[in-house]
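All remarks here apply to the structure that follows.
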Amino acid sequence: MPELPEVETIKRGLDATIIGQRIVDLEILLPKMFIGDPANVIGSVVENISRKGKLLVIDIRNDKNEASGDINDEFSIMIHLKMTGQLIFKSQTLEAFAGGHPIPPLNTPVPNKSTKVIFQFESGDILYFNDLRTFGYVKVVLRKLVSEELFVKSLGVEPFGGDFTATKLNELIEKRKNMNIKAFLLDQKYIAGLGNIYTDEALFFAGVLPTRLVGSLNHGERQLLYESILSVLEKGINLQGASKTSYVNLAGKLGTFMSDVAVYQRTGKPCICCGRPIEKIKHVGRGTHFCSFCQK
DNA sequence: TGCCCCCTGCAG
DNA sequence: CTGCAGGGGGCA
């Protein structure tokens, strides 16, 4: 489910809520979803949160032995939400959210049937990892080994990492001329973070049909695609993500990107540009939405 | 590079 | 009831 904007929204929520907090207990309700040693988590303090594509990385320090500075006390919790993962934060302290706003009531009661891992903090705050389809995971590794993880190593350029430029996109395109453009955008090893929603949206705003081959894009289309990728992702972040069914932010609330979408799941509805009906096909194994008039 | 699979729930 | 769902790994 969550793509870059959804994970980024959660990342920002975690920044405002769990940094500096000590994890005092861990409840694992579905063992296959937790990889690693819980002992490396319990008793540790959250130091930093980051995002790599759609992967969330929570850096923790396990300072139980007072051996501060020892790199072997530094672990990371990697969380991948895959299709239906959720992280929901229940605070005991009203000021926990950024800006000093009061905690809104949870839209998604927790724990519930899909709760798989529960992080209990010293403050009494609780972080719930839910995953209905159980495709996601929580994985604990030594922090210095995160970059050695196969999934992390295979990630391509980060759209907001500074090195994603029009030139960079062009280089990637030149490398993969015969690949289908939608498959190319979905493949995390080229650009990290795009999923089905934002791919369809970016292609629409670039005026490019999802069935095109990468190499067939002319200079102008490449430039427009570059700008479209960034703008749909930014819009997604600004609207707190896209919520179709299962995505919610930390407070269990729905994002609003879906109400602003141009083509994704708007099959049969009028194109926002020309008014002709949006079409849907199955392409690259995914539902694919587009306007055959506005996209060439 | 394409297909199947991991799962569960819900729309059609 | 079948098919489909925002991800990605493993297999040919």
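Note on naming: letters A, B, ... go to the chains in the order of the sequence lines (proteins, then strands), and numbering restarts at 1 for each one.
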Span of DNA chain B in contact with chain A (heavy atoms, under 4.0 Å): B:dT1 to B:dG9
Take atom P in B:dC5 and the same atom in C:dT2, then report the distance between them in whole Å. 16 Å
Any donor-acceptor N/O pair under 3.5 Å between C:dA5 base and A:R286 side chain: no
What is the separation between atom NZ on A:K139 and atom P on C:dG8, rounded to the nearest whole Å? 14 Å
Without swapping roles, check the side chain of A:N62 against the backbone of A:N40 for a donor-acceptor pair under 3.5 Å. yes
Residue A:E6, side-chain atoms from C-beta onward, closest of C:dG6, C:dA5, C:dG7: C:dG6
Just the rounded figure in Å: distance from C1' of C:dG6 to CD of A:Q240. 17 Å
Is the phosphate of C:dG8 approached by A:Q188 (side-chain N or O, under 4.0 Å from OP1 or OP2)? yes
Taking only residues two or more places apart in sequence, or in another chain, which ones meet A:F184 in a ring pair (Phe, Tyr, Trp, His ring centres under 6.0 Å)? A:Y190
Measure the CE-CZ distance between A:M33 and A:F135 for me, rounded to the nearest 0.5 Å. 9.5 Å
Taking the same atom, C1', in C:dC1 and in B:dC6, what whole-Å distance lies between them? 22 Å
Residue-phosphate contact under 4.0 Å: A:Y198 side-chain N/O, C:dG6 OP1/OP2: no
Under 4.0 Å between a side-chain N or O of A:K82 and OP1 or OP2 of C:dG8? no
Nucleotide C:dG8, atom C1' - distance to NZ of A:K54 in whole Å: 8 Å
If you look only at distance, which donor and acceptor atoms sit under 3.5 Å apart when one is on a side chain in residues 263-272 of chain A and the other is two or more places apart or in another chain?
from   : atom 1 : to     : atom 2 : distance (Å)
A:R266 : NH1    : A:A262 : O      : 2.8
A:R266 : NH1    : A:P270 : O      : 3.1
A:R266 : NH2    : A:P270 : O      : 2.8

Rounded to whole Å, NZ of A:K52 lies from C1' of C:dG8 at a distance of 18 Å
Looking at A:F119 versus A:F129, is the centre-to-centre ring distance below 6.0 Å? no
A side-chain contact here means heavy atoms from C-beta on lying under 4.5 Å apart; do A:E6 and A:Y198 qualify? yes
Scan A:K113 against the nucleic acid and name what it touches under 4.0 Å (heavy atoms): base, sugar-phosphate only, or nothing. sugar-phosphate
Note: for A:T288 and A:L155 on DNA chain C, the residue whose nearest nucleotide lies more 5' is A:T288
Across all chains, not counting sequence neighbours, the side-chain contact (heavy atoms from CB on, under 4.5 Å) partners of A:N238 are none
Span that lies between the C1' atom of B:dG9 and that of C:dG9, in whole angstrom: 23 Å
Do we count A:F135 as stacking onto C:dG7 if the rule is ring centres under 5.5 Å and planes under 30°? yes
Can you find a side chain N or O atom of A:H80 that sits less than 4.0 Å from OP1 or OP2 on C:dG8? yes
Write down the distance between CE (A:M33) and P (C:dG7), rounded to a whole number of angstrom. 16 Å
Please list, chain by chain and in numerical order, all residues satisfying side-chain contact (heavy atoms from CB on, under 4.5 Å) with A:K144, sequence neighbours excluded. A:I71, A:N72, A:L142
Base, sugar-phosphate, or nothing for A:G285, non-hydrogen atoms under 4.0 angstrom? nothing
Nearest-0.5 Å distance, NZ of residue A:K11 to CD1 of residue A:I79: 13.5 Å
In whole angstrom, what separates A:R133's CZ from C:dC4's C1'? 9 Å
Does NZ or CZ of A:R276 fall inside the cone over A:F293's six-membered ring, less than 6.0 Å from its centre and within 45° of the axis? yes
Under 4.0 Å, counting only non-hydrogen atoms across every strand here, what does A:K116 touch: a base, just sugar-phosphate, or nothing? nothing
Chi angles and distances behind the side-chain hydrogen bond (donor to acceptor under 3.5 Å, both in side chains) call for A:T84, A:D131: CA-CA 5 Å; A:T84 52; A:D131 192 351; 2.6 Å; yes
Each base of DNA chain B marked ( ) or [ ] if paired in-strand (Watson-Crick or G-U under 3.5 Å), | if paired to another strand and . if unpaired gives ||||||.|||||
Please report the distance, rounded to the nearest Å, between CZ in A:F151 and C1' in C:dG8. 7 Å
Could you tell me whether A:A242 contacts a base, only the sugar-phosphate backbone, or nothing, with contacts defined as non-hydrogen atoms closer than 4.0 Å? base
To the nearest Å, how far apart are A:L55 CG and C:dG9 C1'? 15 Å
Please give the distance between the P atoms of C:dG8 and B:dC10 as a whole number of Å. 24 Å
